[in-house]
Every structure is written in structure tokens, then in C-alpha cells.
Novice: 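Have a look at the structure that comes next, please.
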Amino acid sequence: MKSIIAGALAALSLAGSASAQDFRARSPQDEVIYFALPDRFDNGDPANDRGGLTGDRLRTGYDPTSKGFYHGGDLKGLMRRLDYIEALGATAIWVGPIFRNKPVQGPKGQESAGYHGYWITDFEHVDPHFGTDADFAALVAAAHVRGMKVYMDIIVNHTADVIRYRECGDCAYRSRADYPYQRRGGVNGAAINPGFAGDQVQTAANFAKLTDPSYAYTPYVPKGEERAKSPAWLNDVLLYHNRGNTTFRNENSTMGDFVGLDDLMTENPRVVAGMIDIFGGWIDRFGVDGFRIDTARHVNPAFWQAFVPAMQARATARGIPNFHIFGEVAADQLDPGPLAVHTRVDKLPAVLDFAFRRAVLDTVAGSRGTDAFETLIAGDALYEGGAAAAERLPTFVSNHDNGRFAFFVRQAFPKAGDAEVLRRTMLANAMLLTLRGVPTIYSGDEQGFTGDGGDQDAREDMFASRVASYNDNRLLGTDTTNATAHFGQDNPLFRQIASLARVRRAQPALTRGRTILRAREEAPGLLAVSRIDPATGREILLAFNTATTPLDRLVEVGGAGKATTLAGEGCAAQTAAPGSLRVRIPALGYAICAIGEAR
């Protein structure tokens with residue numbers, strides 16, 4: 001197997017050695033990211049639809065008519081659409097988790113499949129539903145030939161749901177105070193684990209004294225699943241918290257089971273070393289360019305303080321100088337504090353910018369004033385490294401968990417026609433592609449997908465779908481439905497994103513330029529932001545109109561002279577006076593204005 005992978009990498013990396021040198025030199029903020037769940041993207045090999053398993057959908061996980069089961073998309077399908085992704089303007093692909101998953105889990109009558117990739121049993125190999133390790137090697141190599149990076153979606157917080165508790169099925173969380181490690185089943189229980197000083201003493205010697213896992217519940221592994229996980233150390237119940245389900249806050253946020261999934265005891269040095277070995281191995285074997293970390297806020301900070309530098313060192317040793325690590329901290333609010341703390345305390349290099357998403361939702365898919373962006377931009381100082389660090393935050397307006405932007409527009413403006421929904425969506429795209437941060441496009445947004453909500457309702461197939469609840473959706477920019485494949489380039493959203501991506505890549509001010517807030521309002525209307533080229537000082541003014549009426553305004557700028565419209569409409573041909581530019585922007589429109597001559 002190793003020779004197959006090495007051959008796939010060598011054949012393609014040699015062919016693209018020049019472009020490889022170029023893309024490895026790019027910093028994280030230079031990218032445009034495209035995110036895809038392999039199962040929902042394209043089916044390149046129908047032979048692997050059932051993952052090599054036999055039986056009905058509860059054994060194979062395959063049911064293309066159900067939104068909660070495998071549909072057949074795979075790594076070969078993703079690879080054969082690299083030209084499409086490249087045409088959109090993406091320079092990096094965030095690939096949803098590809099590790100072997102438990103095919104189906106959930107209580108009787110509520111089962112669903114691991115098509116999304118977050119229920120891992122084997123952390124070292126590709127799930128057969130998606131293909132093989134060699135297929136992933138070929139995908140990475142093919143992307144690198146095009147100068148495109150590949151980011152893996154990884155999980156360290158939990159594994160698939162294998163461990164059971166003898167006391168209950170859906171078990172509530174039991175705290176350390178009420179159920180200490182040194183007593184069985186509560187403070188009045190029999191003494192156990194003599195000498196164990198608690199999970200705050202994170203040494204191998206201390207955790208060697210944790211020998212009995214029955215402090216909160218009595219965990220066990222069902223017969224036949226004793227070796228379900230790989231590597232083998234993951235089968236040891238002592239390496240899990242075993243305290244019941246999290247409520248996603250307070251103590252249990254980092255110690256509870258994530259909806260029943262087995263929560264790893266990431267305080268234990270054995271788990272830290274094991275995860276470093278697992279994911280360092282993916283860097284070594286495949287030369288991937290970064291990690292998106294699922295459920296990052298549900299892991300203790302000390303774990304990340306060890307894991308992140310270890311991954312950066314492995315990447316540097318592999319010749320990957322700009323390895324991008326960003327964590328998922330699901331904090332759906334405008335205040336960036338709950339995000340920034342994970343860059344300061346956990347030392348995560350970046351986090352997904354949920355605050356950016358909230359600012360765009362509140363103003364473009366809502367009626368809040370554009371001063372929401374003042375809160376966002378002022379909060380950049382909170383991140384470790386300040387405003388420069390904020391430039392590396394992946395920004396987004398849609399994702400596979402929280403839903404598609406167009407869905408929220410229709411929810412907020414139920415009387416709006418499709419033309420208005422399209423204009424609002426395009427306005428959001430313009431913000432995404434030009435404001436600070438690393439724009440992240442969720443597959444299907446460029447084809448006008450609208451979804452029915454979050455999670456499974458926002459995970460439509462790019463290839464022809466057989467799911468009724470997907471196929472009755474009213475898409476934007478097209479008369480087609482999800483019942484047909486969507487890999488064309490004629491949707492106005494595709495054309496807009498591709499155009500803005502070209503503008504972004506051509507202007508260093510838009511990838512790494514300093515941000516200056518020029519104008520904002522307490523009601524829907526003007527948002528104006530300048531981005532300054534760090535090398536030349538050239539200014540690009542971004543002007544957005546979130547109101548449903550046109551605006552005609554003078555906006556402060558830093559220079560004088562000619563003004564060029566790079567995208568949108570409404571820039572005056574030159575400044576009205578030194579330090580002032582007139583913009584005339586249509587309702588729900590935008591203008592990207594370059595001030596002065598390019599140098």
C-alpha cells in the first residue's frame with residue numbers, strides 16, 4: 001500500500017514541481033477555500049457505494065434516497081472535478097473527514113449513517129465508501145499539480161459511539177464533584193484508583209494510577225466490538241471520560257460525550273501522543289497542507305498547546321512551510337471574544353470565523369445596521385497576534401452544519417422574490433471575497449443551493465440527487481433542481497464568485513491588506529472599508545449597500561486621483577477631492593474601487 005501511495009504522489013508531484021514550489025510559498029490568507037463533503041460531491045466509482053459491505057442500508061449505510069445515509073460520492077469523484085473547482089477560483093480544498101467510520105449508528109428507528117465522516121473507528125485509513133488511501137494520495141497529488149492546497153478535516157475530541165454504559169442508554173453527564181475519580185459511582189462509593197491526583201495532573205505517572213473507569217458510570221464495549229477502533233490503543237475504555245452526554249457548556253463541554261460519541265480523555269498523555277502520531281502520519285504520508293479541526297472548543301487547552309506545535313514541526317520537516325490549522329469553535333454570535341480566547345489560551349493559529357458569519361447574516365439576511373461590522377473589526381485586536389492574525393481566519397456565510405445563506409435570507413424576508421434573494425446572496429459573496437479573512441465557499445452555494453435548514457438539510461448532492469426533500473428546493477439563478485447534476489459554470493453565482501476570486505488573487509490588499517473602517521450606519525445602508533496593500537500602500541475601497549434603495553455618498557479615502565472599478569458598480573472615476581470618493585451603489589449592491597494608479 002505504501003508503494004502505491006508513494007507512486008501516485010511521485011508521478012504527479014514531479015509533473016507539477018514548478019507549481020508545487022509556488023503554492024507551498026503562499027500564506028494561508030492568500031487562499032480561497034472550497035469545502036466539500038466527499039459523499040455529497042460526485043460519485044466517481046459506484047463500486048464503492050456500499051463501502052464493501054453487504055446487506056440493507058442499516059448494514060452498509062447506503063441509501064441515496066435518504067438525507068441521513070451515504071449517497072455514493074467519493075474521492076475519485078472529487079478528483080475528476082478539480083477542473084471545476086479550479087474554474088471557480090478556489091486555491092485550496094477543505095475535504096470533509098475521510099477516515100473509516102462506523103457505517104450506521106443511533107437508536108432503533110433513528111439510525112443514520114457516517115456519510116459525513118465524523119464517527120471515526122479507524123483514524124489511519126480512508127473509509128471504503130470514499131475509496132482507498134491510494135485514491136486520497138492521487139487526489140492530493142492532482143491538486144498540487146494545479147497549485148491547489150488540500151486541507152483535511154480532522155477530529156480528536158471523540159470517536160464513533162462504541163462504548164456503552166451499564167446504567168443507561170442516553171446518559172446524562174455526571175460531574176467530577178459528584179462522581180470523583182477516586183470513588184465508584186459517587187462520593188459514597190467504594191474507593192478506587194488510589195493515588196490518582198485527578199485529570200489536572202497530566203503526567204504519564206499519574207494517569208497510570210487510573211485503572212478503574214467506573215467512577216461515574218460502568219463503561220463496557222459490546223461483544224464483537226472489542227477491536228472496532230484503530231489504532232488499537234483507542235479500544236481502551238480508560239482513555240475516555242465516560243461521564244455521559246455533554247450539554248456543550250461548563251465543565252461538560254470538554255468532558256462529556258458529544259451526542260453519545262465516545263469522548264476521548266485528551267488530558268491523558270497517552271491520548272496526546274497517540275493523536276500526534278496519527279495526524280503527523282497523514283502529513284508524512286500524503287503531504288497535506290492543513291487541518292480543519294472539528295469540535296475544537298470541546299478539547300482541553302493543554303492538548304492543543306502540545307498538538308499544534310507538533311503538527312507544525314511535522315509539516316516543516318515535510319517541506320510544508322505554511323501549514324494552515326484552524327479550529328471549529330461554534331460560537332454563533334457577533335462578539336469575537338469566545339472565538340479569540342481559543343487563539344490566546346489554546347494557541348490555535350486560527351479558528352473558523354463565526355463572528356463574520358453572524359455579521360453578514362444580521363445585516364444582509366437581516367435588518368441590523370452595518371455598524372455590526374464595527375464590532376467585528378474592532379474585535380480583531382482580541383485574537384493572538386491581533387489584526388494580522390484575523391487575516392488568517394477562514395470566513396464563511398454557509399456551511400454543512402449551520403445551513404446555507406440563501407435559506408436564512410428567505411427565512412428573514414419571506415415575501416422577497418427570487419431576484420432579491422439572489423441579490424442579497426451576491427452581496428454576501430462580495431463581502432466574503434473582499435473583506436479580511438480567508439473566504440471559504442461551501443460546495444453548492446455557487447450553484448444556487450438553498451437548503452431547508454442546518455445539518456442534513458444543508459447537505460445536498462452536487463451530483464443528481466434522489467432525496468425528495470432536496471429535489472423540491474427552489475434554487476437561485478437556475479430553473480433546474482437538485483435532481484440534476486450541478487457542475488456547470490453558467491449560474492450567476494458561480495460567475496460572480498469566480499470573478500471576485502480573480503480580483504482577490506490579483507490584489508494583495510484583498511488577501512493581506514490592513515483594514516480601515518470608513519463608514520457604517522445604525523440602519524441598513526452603507527458599509528465602507530478600505531484595504532491597504534502592505535507593499536505599495538495602494539488603497540482598495542470596498543463599499544456595500546445593505547438597503548433596498550440606492551445610495552449616493554461621499555466616502556473618506558486615504559488618497560487622491562483616479563479610481564477604478566474592479567467589481568460591482570458605483571465607483572466615481574476619480575476622487576471628488578483629496579481624501580474623498582463618491583460612490584453610487586444600487587440597492588443591495590457593492591463596489592470595489594481601486595484608488596490611484598497601480599504600481
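Side chains included, hydrogens not; waters and symmetry mates left out as well; all remaining heavy atoms used.
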Novice: What I want to check is whether the side chains of Asn300 and Thr254 have a donor and an acceptor closer together than 3.5 Å.
Specialist: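 Not at all, the side chains of Asn300 and Thr254 share no donor-acceptor pair under 3.5 Å.
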Novice: Students often mix this up, so state it plainly: with edges at 30° and 60°, are the rings of Tyr70 and His129 parallel, tilted or perpendicular?
Specialist: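 Parallel, since the angle between the ring planes stays under 30°.
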Novice: Which residue, Lys149, His324, His144, forms the side chain to side chain donor-acceptor pair (under 3.5 Å) with Asp289?
Specialist: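 Filter result, single survivor: His144.
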Novice: Can Arg176 and Asp199 be said to form a salt bridge (Lys or Arg N to Asp or Glu O under 4.0 Å), step by step?
Specialist: CA-CA 10 Å; Arg176 288 176 293 187; Asp199 53 42; 2.8 Å; yes
Novice: Under the side chain to side chain donor-acceptor pair (under 3.5 Å) test, which residues partner Ser465, sequence neighbours left out?
Specialist: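 Side chain to side chain donor-acceptor pair (under 3.5 Å) check on Ser465 returns Asp461.
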Novice: Looking at every non-hydrogen atom in both residues, tell me the closest pair between Gln333 and Arg358 and how far apart they are.
Specialist: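 The pair with the smallest heavy-atom distance is C-CG, 3.7 Å.
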Novice: Starting from the C-alpha separation in whole Å, work towards a yes-or-no answer on side-chain hydrogen bond (donor to acceptor under 3.5 Å, both in side chains) for Thr481 and Asn471.
Specialist: CA-CA 6 Å; Thr481 72; Asn471 295 344; 5.2 Å; no
Novice: Go through Lys102 and Asp161 one step at a time and tell me if the salt bridge (Lys or Arg N to Asp or Glu O under 4.0 Å) criterion holds.
Specialist: CA-CA 8 Å; Lys102 193 171 188 178; Asp161 184 10; 5.9 Å; no
Novice: Do you know the tightest heavy-atom contact between Ile85 and Met148?
Specialist: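 For Ile85 versus Met148, the nearest heavy atoms are CG2-CE, 3.7 Å.
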Novice: Using 30° and 60° as the class boundaries, would you call the ring planes of Tyr217 and Tyr165 parallel, tilted or perpendicular?
Specialist: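 Parallel.
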Novice: Could you tell me how the ring of His116 sits relative to the ring of Trp119: parallel (under 30°), tilted (30 to 60°) or perpendicular (over 60°)?
Specialist: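 Plane angle over 60°, so perpendicular.
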Novice: Would you name the heavy atoms of Ala296 and Gly327 that are closest together and state the gap between them?
Specialist: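 Of all heavy-atom pairs spanning Ala296 and Gly327, the closest is CB-CA, 3.9 Å.
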Novice: What heavy-atom pair brings Met311 and Ile325 nearest, and what distance separates the two atoms?
Specialist: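 Here Met311 and Ile325 meet closest at CB-CD1, 4.0 Å.
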Novice: Strictly by salt bridge (charged side-chain N to carboxylate O under 4.0 Å, His left out), give each pair with a member in residues 253-281 just once, sequence neighbours left out.
Specialist: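 Sorted pair list: Lys229-Asp262.
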Novice: Hey, is the main chain of Glu124 close enough, under 3.5 Å, to the side chain of Asp122 for a donor-acceptor pair?
Specialist: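 Looks like yes, one N/O pair under 3.5 Å.
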Novice: Out of Phe130, Trp94, Phe487, which residue meets the ring pair (Phe, Tyr, Trp, His ring centres under 6.0 Å) rule with Phe41?
Specialist: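 Answer to the ring pair (Phe, Tyr, Trp, His ring centres under 6.0 Å) test with Phe41 among Phe130, Trp94, Phe487: Phe487.
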Novice: How long is the straight-line distance from CZ of Phe323 back to CZ of Arg314, given to the nearest 0.5 Å?
Specialist: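 So the CZ of Arg314 and the CZ of Phe323 are separated by 10.5 Å.
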Novice: Please work out whether the ring planes of Tyr84 and Phe494 are parallel, tilted or perpendicular, with thresholds of 30° and 60°.
Specialist: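 Tyr84 and Phe494: tilted rings.
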Novice: Verify whether one side chain among Asp133 and His125 offers a donor that lies under 3.5 Å from an acceptor in the other.
Specialist: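 Their side chains do contain a donor-acceptor pair, which is all the 3.5 Å distance test asks for.
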Novice: Under 3.5 Å, is there a donor on one side chain and an acceptor on the other for Thr121 and Arg100?
Specialist: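 Result is no, nothing qualifies.
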